[in-house]
Amino acid sequence: MKCLLGHKATSKLFCRLLTTAVISSVLILSAASFGVSTLYYNHVVEDAEADAVGVGRSILALEKHLLVQLDQNGQEYLKVTPTAFQTLDEVMQKALGPLNVLKVKVFSPDGIILYSTDHSIIGRNNAKNPRLQIALSGGISSELESKDTFTDLNGEQHLNVDIAETYLPILAPNGDVIGSFEIYQDVGPSLTTADIGIRQALASLAVTLCVAFGLSFLIMRVAARELRQTQDKLHKQASVDTLTGLFNRNKIMQLLTDETERLELIHTEDRVKNFPKQQTSYCLIMLDVDHFKSINDNHGHPAGDKVLRVIAQTIKQVIREGDQVGRYGGEEFLLVLPETDLKGAQAQAEGIRSAIENLNIYVDQKEIPVTASLGIATKYPAESDYEGALKRADDALYQAKNLGRNRVELICLSNQGTEKDISHTLIAK
């Protein structure tokens with residue numbers, strides 16, 4: 001570009017400033033484009049993966065009788081009979097179509113396709129698929145793919161489809177991987193929204209840089225603040241369970257990790273300063289809605305959703321400020337009670353149990369009685385992580401269910417070394 005100003009030195013300086021401004025603008029726009037695009041697309045993948053996990057769990061929970069059989073030793077394994085294909089197809093079309101799910105596959109542990117909404121591929125061996133092997137090893141693998149053509153659950157063809165492919169394991173109650181789901185979701189609308197947002201943000205930034213590059217620092221600060229707000233919003237969306245409004249499983253587990261690390265830091269500082277070791281700890285409560293499957297079966301899934309929402313709000317009203325609660329999965333909830341001993345946790349759990357038992361939930365003018373079972377455990381200072389406490393809380397929950405439900409039980413450690421089952425009947429029967 002040739003600059004035509006009267007004074008040669010001024011012209012040269014202007015050209016240098018203009019060149020610097022153009023290069024800086026290009027670099028800023030390029031960096032912003034990459035950063036925002038990465039943020040949006042990663043968020044789309046994370047959302048798709050979380051949705052796929054929910055879809056897989058729902059399929060297994062609702063149609064387990066069509067997918068899972070018991071061997072002679074009472075162990076679960078995957079088996080889909082030809083007579084189950086039509087029923088599964090109907091369920092997939094009705095339940096998953098509105099969720100933008102285009103295809104579902106079910107794999108055996110050796111990579112054979114046992115079921116697919118596309119019947120033509122049933123029986124194929126995909127054992128060499130590395131992403132499938134991740135799922136069969138207990139992990140989750142999600143990627144975005146663009147397809148020129150794709151056939152959905154209803155047999156309709158779509159052109160130029162953006163799809164999130166997610167492989168996730170199918171687990172038996174004992175934690176063994178007995179197969180894998182592959183779930184295809186149409187993320188085109190999400191990507192379109194992301195592209196519009198990206199273009200609008202970049203256009204606004206480009207205009208601002210052209211009008212007043214000298215104010216770029218101020219503008220960048222504003223843009224950075226807006227970006228942080230967007231990240232916070234996206235983070236919140238990725239942390240909240242959409243049905244109940246509580247934290248989702250990932251978020252409540254992160255809060256549990258944070259609380260464990262906070263206590264470990266306190267204990268480490270005490271050791272460095274030769275202070276007496278504090279007994280500061282926290283308690284966990286695992287809650288499971290009793291006979292939730294029968295609620296869904298007898299009253300319908302919308303009624304089950306309403307029950308979960310009401311219970312979630314009831315828990316939030318009962319717990320103290322500073323306590324954290326999240327939907328752990330299905331009809332299970334996990335509570336983290338900082339700075340709480342077992343006695344305090346028992347009182348808290350009993351308050352929750354009683355509040356749920358006294359709920360009046362009506363659907364279609366019919367009352368749905370609801371109760372819950374709760375398991376309590378504490379994290380001891382001698383424990384370096386939360387795994388032991390979480391397992392004890394889960395074991396206590398199953399103990400409460402096995403002893404008749406609608407009760408609170410706990411499992412603690414004898415002398416913080418050997419597990420000892422302590423049964424606390426907090427409910428007058």
Side-chain angles (χ1 to χ4, degrees), residues 47 50-51 53-54 57-58 61 99 232-233 235-256 258-259 282-340 344-376 393-394 396-397 400-401 405-409 426-427:
D47 269 359
D51 291 343
V53 171
R57 288 175 178 163
S58 298
L99 302 178
D232 292 342
K233 183 178 179 180
H235 179 70
K236 181 178 180 180
Q237 291 174 346
S239 302
V240 175
D241 174 62
T242 55
L243 176 63
T244 62
L246 302 178
F247 291 129
N248 60 22
R249 181 189 179 103
N250 289 340
K251 182 61 177 179
I252 193 65
M253 294 305 295
Q254 182 59 54
L255 292 174
L256 178 55
D258 294 343
E259 179 63 16
Y282 61 77
C283 283
L284 302 178
I285 298 177
M286 290 285 287
L287 181 150
D288 184 89
V289 183
D290 294 332
H291 304 296
F292 184 72
K293 185 177 183 302
S294 65
I295 295 176
N296 279 331
D297 293 342
N298 296 330
H299 302 278
H301 294 286
D305 291 346
K306 180 177 180 179
V307 167
L308 291 179
R309 286 193 294 268
V310 173
I311 287 178
Q313 293 304 311
T314 301
I315 295 173
K316 289 178 66 175
Q317 292 171 3
V318 174
I319 62 176
R320 309 163 304 176
E321 182 178 358
D323 294 342
Q324 304 290 353
V325 57
R327 187 181 179 191
Y328 193 67
E331 65 272 21
E332 285 190 337
F333 300 86
L334 174 62
L335 290 84
V336 182
L337 312 181
E339 307 290 341
T340 305
Q346 287 177 310
Q348 188 78 310
E350 172 58 15
I352 294 170
R353 186 209 62 79
S354 177
I356 292 174
E357 183 183 35
N358 291 319
L359 287 173
N360 296 311
I361 304 177
Y362 290 88
V363 174
D364 296 333
Q365 300 182 344
K366 295 181 180 179
E367 184 175 6
I368 302 178
V370 179
T371 61
S373 301
L374 299 90
I376 307 173
D394 192 50
L397 169 62
K401 294 167 68 175
R405 294 183 169 84
N406 190 24
R407 62 193 299 124
V408 177
E409 296 291 328
L426 302 178
I427 308 164

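Bear in mind that the values here come from a model prediction, so they are computed numbers and not experimental data.
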Report summary line: Contacts of Arg309 meeting salt bridge (Lys or Arg N to Asp or Glu O under 4.0 Å) (sequence neighbours excluded), chain-then-number -> none

Query raised in the report: With Thr371, which residues qualify under side-chain hydrogen bond (donor to acceptor under 3.5 Å, both in side chains), at least two apart?
Result: Asp290

Rounded distance (nearest 0.5 Å) linking atom [atom1] of [X] with atom [atom2] of [Y]:
X	Y	atom1	atom2	answer
Ser239	Asn250	OG	CG	8.5 Å
Glu367	Asn360	CD	CG	5.0 Å
Lys293	Glu331	NZ	CD	10.5 Å
Ile285	Gln346	CD1	CD	9.5 Å
His299	Lys306	NE2	NZ	11.5 Å
Tyr282	Asp323	OH	CG	13.5 Å

Query raised in the report: Excluding sequence neighbours, so at least two apart, what forms side-chain contact (heavy atoms from CB on, under 4.5 Å) with Asn296?
Result: Phe292, His301

Report task. Tell me, with the steps shown, if Leu255 and Val336 meet side-chain contact (heavy atoms from CB on, under 4.5 Å). Result -> CA-CA 8 Å; Leu255 292 174; Val336 182; 5.6 Å; no

Taking all heavy atoms of [X] and all of [Y], pick out the closest pair and write down the distance.
X	Y	value
Thr244	Ala312	CB-CB, 3.6 Å
Ala355	Val318	CB-CG2, 3.9 Å
Ala396	Gly375	CB-CA, 3.6 Å
Ala349	Leu374	O-CD2, 3.7 Å
Ala303	Ile368	CB-CD1, 4.0 Å
Ala372	Ile356	CB-CD1, 3.9 Å

Any heavy-atom pair between the side chains of [Y] and [X] that's under 4.5 Å?
X	Y	result
Phe333	Leu308	yes
Gln348	Ile376	no
Val370	Ile361	yes
Val325	Lys316	yes

Query raised in the report: With a distance cut-off below 6.0 Å to the six-membered ring centre and an angular limit of 45° from the axis, does Arg249 pair with Tyr328 as a cation-pi contact?
Result: yes

Query raised in the report: Under 3.5 Å, side chain of Ser373 to main-chain N/O of Arg407, donor-acceptor pair present?
Result: no

Query raised in the report: Under 3.5 Å, is there a donor-acceptor pair between the side chain of Thr314 and the main chain of Val310?
Result: yes

Query raised in the report: So with a 6.0 Å cut-off around CG of Asn358, is the heavy-atom count from everything else above 12?
Result: yes

Query raised in the report: Quick one: do the Asp258 and Gln254 side chains pair a donor with an acceptor below 3.5 Å?
Result: yes

